S.K.: 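Questions regarding the structure given below will be posed in turn.
Note that ligands are numbered from 1 as they come in the structure, with each ligand's atoms numbered from 1 the same way. Just so it is clear, the model here is predicted, and its values are computed rather than measured. Nothing fancy with the numbering, it's 1 onward along the sequence.
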Amino acid sequence: MNLIGLTRPELQAELEKLGEKPFRTKQLWHWIYWQGKTDFDEMTSLGKPLRQKLKENGYTLHRPKVLREQNSTDTTRKWLFEFDDKKTVETVYIPEEDRGAVCLSTQVGCPNGCVFCHTGSQKFTRNLTASEFVAQFMAARDSYGEWPSPAAQEIRYLSNIVVMGMGEPLLNYENVKKGLQIIMDPEGIAISRRRITLSTSGIAPMIPRIAEDLGVKLAVSLHAATNEIRDKIMPVNRKYPLEELIAACKKFQEIGGTRQYITMEYVMLDGINDSEADARELVRLVKGLAVKFNLIPFNEWNGCPFKCSPKKRIERFSALLEEKNYAAPIRVSRGQDIMAACGQLKSTVASG
Ligand code: SAH
Ligand code: SF4
């Protein structure tokens, strides 16, 4: 059994099965999540008999297998990770000067089938377990040797998390919640909630839960200002139309406070959602919410019918939103040469 992904009470229950006292939980937690050890023999404070018992009872701390690692010319790194049942996901690290964000996946494939998304074009297979979700981050850390977890005041390369990889996190909420709670635990990996952003395609009823349970930042894949357009490019909108989505965002901010800006992601699709009328409609739609926009130039992939809006039109779109006092930066695409940019992730080993 992999101990990664167990909550503290669950870990304690396993130790109790071995006849161990509760204080061992804290020690073991420290070795797993702060030190990042995978070998029980290195956990010197545990004492030899316990180390022996852990090994003999088949406990492990294993990460997914790295099937492939690719490095972009812009230093973005992408892994293809394989879990015990051979299912795979992609995980990306996007470095900046003295920090960087790891983009975590939550599902193998995605059931939502947004028409512009490479992941969505792949068959949905299953949810990641909490263990797999956390182990994916730990494997990224292994890759950079960033153990033990650097203290808050030190430089951390893997400093931020964006839950924006493959899958819809709010369709696997319990596992993602548990995983993030483990990652945020101050005596382990200790990434603060302010450095974590969860992106959703708009599973409206689950959105307020993020503020209630986790307090992490929220990003919403809005991508259209009317139900008519959104229905066409994001099938999830037929279940949770814009009125419901916006109401859920309002609730999120009632709980989390309006200082907790929501990022509205907006993929720029040529001739689909990028007119001046769309920009004006967008402003009307988000009225009363504290939001900033993030305009994402559409990343093309083989077999997708869409084109990215011309640069001029994206700039104009941004200017119209900024005139109304909304931040609306245009996202700089990273890792395109290794298919690691937004919406390009897929499980297969086939290409590249
Ligand atoms: N499932 C979640 C999180 C993962 S997607 C969600 O949809 O929010 C991360 C972001 O990339 C989303 O905003 C998604 O809509 C966007 N995206 C998907 N395909 C894209 C593409 N081909 N080009 C640019 N952005 C894309
Ligand atoms: Fe799934 Fe997000 Fe891709 Fe839509 S954009 S198919 S919700 S991963």
Side-chain angles (χ1 to χ4, degrees), residues 76 78 89-92 94 101-128 133 136 161-173 175-176 180 196-204 206-207 210 216-224 229-240 245 248-249 252 262-270 272-274 291-309 314 317 329-336 339-347:
T76 297
K78 182 174 83 167
V89 295
E90 292 192 311
T91 304
V92 179
I94 309 130
V102 182
C103 180
L104 297 179
S105 291
T106 57
Q107 298 181 311
V108 180
C110 180
N112 272 0
C114 303
V115 293
F116 47 80
C117 174
H118 204 203
T119 306
S121 74
Q122 177 192 342
K123 193 172 101 318
F124 171 68
T125 308
R126 66 170 178 84
N127 284 331
L128 294 201
F133 180 73
Q136 148 191 216
I161 287 179
V162 291
V163 186
M164 296 190 184
M166 298 168 55
E168 168 49 56
L170 298 189
L171 292 178
N172 184 17
Y173 184 67
N175 290 336
V176 170
L180 287 177
I196 299 176
T197 303
L198 182 148
S199 172
T200 178
S201 59
I203 312 298
M206 298 304 291
I207 286 176
I210 301 165
V216 300
K217 290 186 183 161
L218 175 67
V220 173
S221 296
L222 196 57
H223 304 330
I229 300 172
R230 204 164 188 269
D231 278 350
K232 285 196 192 124
I233 58 175
M234 300 180 74
V236 68
N237 195 65
R238 292 174 216 153
K239 195 157 180 196
Y240 307 112
L245 176 55
C249 290
F252 173 89
I262 297 172
T263 301
M264 293 293 184
E265 298 162 282
Y266 199 92
V267 64
M268 302 300 302
L269 299 167
D270 186 19
I272 307 279
N273 63 356
D274 60 351
V291 304
K292 46 190 175 192
F293 291 95
N294 202 328
L295 305 181
I296 315 175
F298 171 63
N299 291 309
E300 298 180 10
W301 43 275
N302 251 345
C304 182
F306 299 108
K307 289 232 153 6
C308 181
S309 311
I314 301 179
F317 204 91
I330 301 164
R331 190 182 289 180
V332 179
S333 184
R334 299 281 303 265
Q336 242 174 339
M339 287 288 286
C342 300
Q344 292 186 315
L345 304 184
K346 211 175 173 179
S347 287

S.K.: Please test Cys117 against Val267 for side chain to side chain contact (heavy atoms under 4.5 Å, CB included), starting from the C-alpha separation and ending with a verdict.
M.R.: CA-CA 10 Å; Cys117 174; Val267 64; over 6 Å; no

S.K.: Just verifying a value: how many Å separate Ile330 CD1 and Ile296 CD1, rounded to the nearest 0.5 Å?
M.R.: 12.0 Å

S.K.: Does only the side chain of Ile296 get under 4.0 Å from ligand 1, or the backbone, or both, or neither? Count heavy atoms.
M.R.: side chain

S.K.: Between Glu168 and Gly202, what is the shortest heavy-atom contact and its length?
M.R.: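 Smallest heavy-atom distance, with atoms named: OE1-N, 4.5 Å.
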
S.K.: Output yes when the distance from some N or O of ligand 1 to some N or O of Phe116 is under 3.5 Å, and no in every other case.
M.R.: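 Yes; at least one N/O pair falls below 3.5 Å.
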
S.K.: What verdict does the side-chain hydrogen bond (donor to acceptor under 3.5 Å, both in side chains) test give for Asn172 and Thr106, after you've listed the backbone C-alpha separation in whole Å, the side-chain angles of each residue and the deciding distance to 0.1 Å?
M.R.: CA-CA 7 Å; Asn172 184 17; Thr106 57; 5.4 Å; no

S.K.: Using a strict cut-off of 4.0 Å, indicate which atoms of ligand 1 neighbour a heavy atom of Ser201.
M.R.: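 Ligand 1 atoms under the 4.0 Å threshold to Ser201: 6 (C), 7 (O), 8 (O).
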
S.K.: Quick one: which ligand 1 atoms are inside 4.0 Å of a heavy atom on Gly167?
M.R.: 1 (N), 2 (C), 3 (C)

S.K.: For atom 21 (C) of ligand 1, what is the closest protein heavy atom, and at what distance to 0.1 Å?
M.R.: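 The closest one turns out to be Cys342 O, 3.4 Å.
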
S.K.: In Å and rounded to the nearest 0.5 Å, what is the NE2 to CE distance from His223 to Met268?
M.R.: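 Between His223 NE2 and Met268 CE, I get 11.5 Å after rounding to 0.5 Å.
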
S.K.: Which pairs, with at least one residue in residues 103-126 and sequence neighbours excluded, count as a salt bridge (Lys or Arg N to Asp or Glu O under 4.0 Å)?
M.R.: Asp85-Arg126, Arg126-Glu132

S.K.: Can you tell me which residue and heavy atom of the protein come closest to atom 12 (C) of ligand 1, and the distance to 0.1 Å?
M.R.: Ser221 OG, 3.1 Å

S.K.: Does ligand 2 have an atom under 4.0 Å from some heavy atom of Gly167?
M.R.: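 Yes; Gly167 lies near enough to ligand 2 that a heavy-atom distance drops under 4.0 Å.
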
S.K.: In the protein, what heavy atom is nearest to atom 10 (C) of ligand 1, and what distance, to one decimal place, separates them?
M.R.: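 So the nearest neighbour among protein heavy atoms is Glu265 OE2, 3.9 Å.
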
S.K.: For Phe298, counting its heavy atoms only, list the atoms of ligand 1 lying under 4.0 Å from any of them.
M.R.: 21 (C), 22 (N), 23 (N)

S.K.: Can you tell me how far apart OG (Ser221) and CZ (Arg230) are? Round to the nearest 0.5 Å.
M.R.: 7.5 Å

S.K.: Which residue owns the protein heavy atom closest to atom 19 (N) of ligand 1, what's the atom, and how far is it?
M.R.: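 So the nearest neighbour among protein heavy atoms is Gly343 CA, 3.1 Å.
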
S.K.: Can you name the atoms of ligand 2, numbered from 1 with element, that are less than 4.0 Å from a heavy atom of Gly113?
M.R.: 6 (S)

S.K.: Please determine whether side chain to side chain contact (heavy atoms under 4.5 Å, CB included) holds for the pair Ile207 and Leu170, giving the CA-CA distance in whole Å, both sets of side-chain angles, and the decisive distance to 0.1 Å.
M.R.: CA-CA 8 Å; Ile207 286 176; Leu170 298 189; 3.9 Å; yes

S.K.: With a cut-off of 2.8 Å, does any N, O or S atom of Cys117 fall short of it relative to atom 4 (Fe) of ligand 2?
M.R.: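 No N, O or S atom of Cys117 is closer than 2.8 Å to atom 4 (Fe) of ligand 2, so no.
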
S.K.: Among protein heavy atoms, which sits nearest to atom 9 (C) of ligand 1, and what does the distance come to when rounded to 0.1 Å?
M.R.: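 Sorting protein heavy atoms by distance from atom 9 (C) of ligand 1 puts Met164 O, 3.5 Å first.
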
S.K.: Which residue and non-hydrogen atom of the protein lie closest to atom 4 (Fe) of ligand 2, and at what distance in Å?
M.R.: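 Result for atom 4 (Fe) of ligand 2: Cys114 SG, 2.3 Å.
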
S.K.: At under 4.0 Å between heavy atoms, which part of Thr200 makes contact with ligand 1: side chain, backbone, both or neither?
M.R.: backbone

S.K.: Which bit of His223 gets closer than 4.0 Å to ligand 1, counting heavy atoms only: side chain, backbone, both or neither?
M.R.: side chain

S.K.: Is there a heavy atom of Ala219 sitting under 4.0 angstrom from any atom of ligand 1?
M.R.: no

S.K.: Does the residue Trp301 have a heavy-atom contact with ligand 1, meaning some pair of atoms that are separated by less than 4.0 Å?
M.R.: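 It does; at least one heavy atom falls under 4.0 Å.
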
S.K.: As an exercise, state the distance from CG of Leu198 to NZ of Lys217, rounded to the nearest 0.5 Å.
M.R.: 13.0 Å

S.K.: Check Phe116, Phe293, Phe317 against Tyr266 for a ring-ring contact (aromatic ring centres under 6.0 Å, His included) and give me the one that passes.
M.R.: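 Output: one option passes, namely Phe317.
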
S.K.: Quick test: of every protein heavy atom, which one is nearest to atom 2 (C) of ligand 1, and how far off is it to 0.1 Å?
M.R.: Ser199 O, 3.5 Å

S.K.: Going by a strict under-4.0 Å cutoff (protein heavy atoms only), does atom 6 (S) of ligand 2 have a neighbour on the protein?
M.R.: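 Yes, there is a protein heavy atom closer to it than 4.0 Å.
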
S.K.: Give the numbers and elements of all ligand 2 atoms closer than 4.0 Å to a heavy atom of Gly120.
M.R.: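 Answer, ordered by atom number: 6 (S).
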
S.K.: Compare every heavy atom of Pro169 with every heavy atom of Val176, then report the nearest pair and how far apart it is.
M.R.: CG2-O, 3.9 Å

S.K.: Identify, by atom number and element, the atoms of ligand 2 in contact range of Ser201, meaning under 4.0 Å from any of its heavy atoms.
M.R.: 7 (S)

S.K.: Walk me through it: do Thr197 and Met164 pass the test side chain to side chain contact (heavy atoms under 4.5 Å, CB included)?
M.R.: CA-CA 8 Å; Thr197 303; Met164 296 190 184; 4.0 Å; yes

S.K.: Side chain, backbone, both or neither: which part of Glu168 comes within less than 4.0 Å of ligand 1 when only heavy atoms are counted?
M.R.: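 The part of Glu168 near ligand 1 is both the backbone and the side chain.
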
S.K.: Considering only heavy atoms of Gly165, which atoms of ligand 1 have at least one such atom less than 4.0 Å away?
M.R.: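 Within the 4.0 Å cut-off of Gly165, ligand 1 contributes 4 (C).
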
S.K.: Considering only heavy atoms, does Cys110 approach ligand 2 within less than 4.0 Å through its side chain, its backbone, both, or neither?
M.R.: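 Looking at Cys110 and ligand 2, just side chain atoms fall under 4.0 Å.
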
S.K.: So which atom in Gly165 and which in Leu345 form the shortest heavy-atom distance, rounded to 0.1 Å?
M.R.: CA-CD1, 3.9 Å

S.K.: Do me a favour and list the nearest non-hydrogen protein atom to atom 23 (N) of ligand 1 with residue, atom name and distance?
M.R.: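 Answer for atom 23 (N) of ligand 1: Asn299 N, 2.9 Å.
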
S.K.: What's the separation between atom CG in Leu104 and atom CG in Leu128, rounded to the nearest 0.5 Å?
M.R.: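 Between atom CG of Leu104 and atom CG of Leu128 there are 9.5 Å.
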
S.K.: Roughly how far apart are Lys346 NZ and Glu90 CD, rounded to 0.5 Å?
M.R.: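 With rounding to 0.5 Å, NZ (Lys346) is 10.5 Å from CD (Glu90).
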
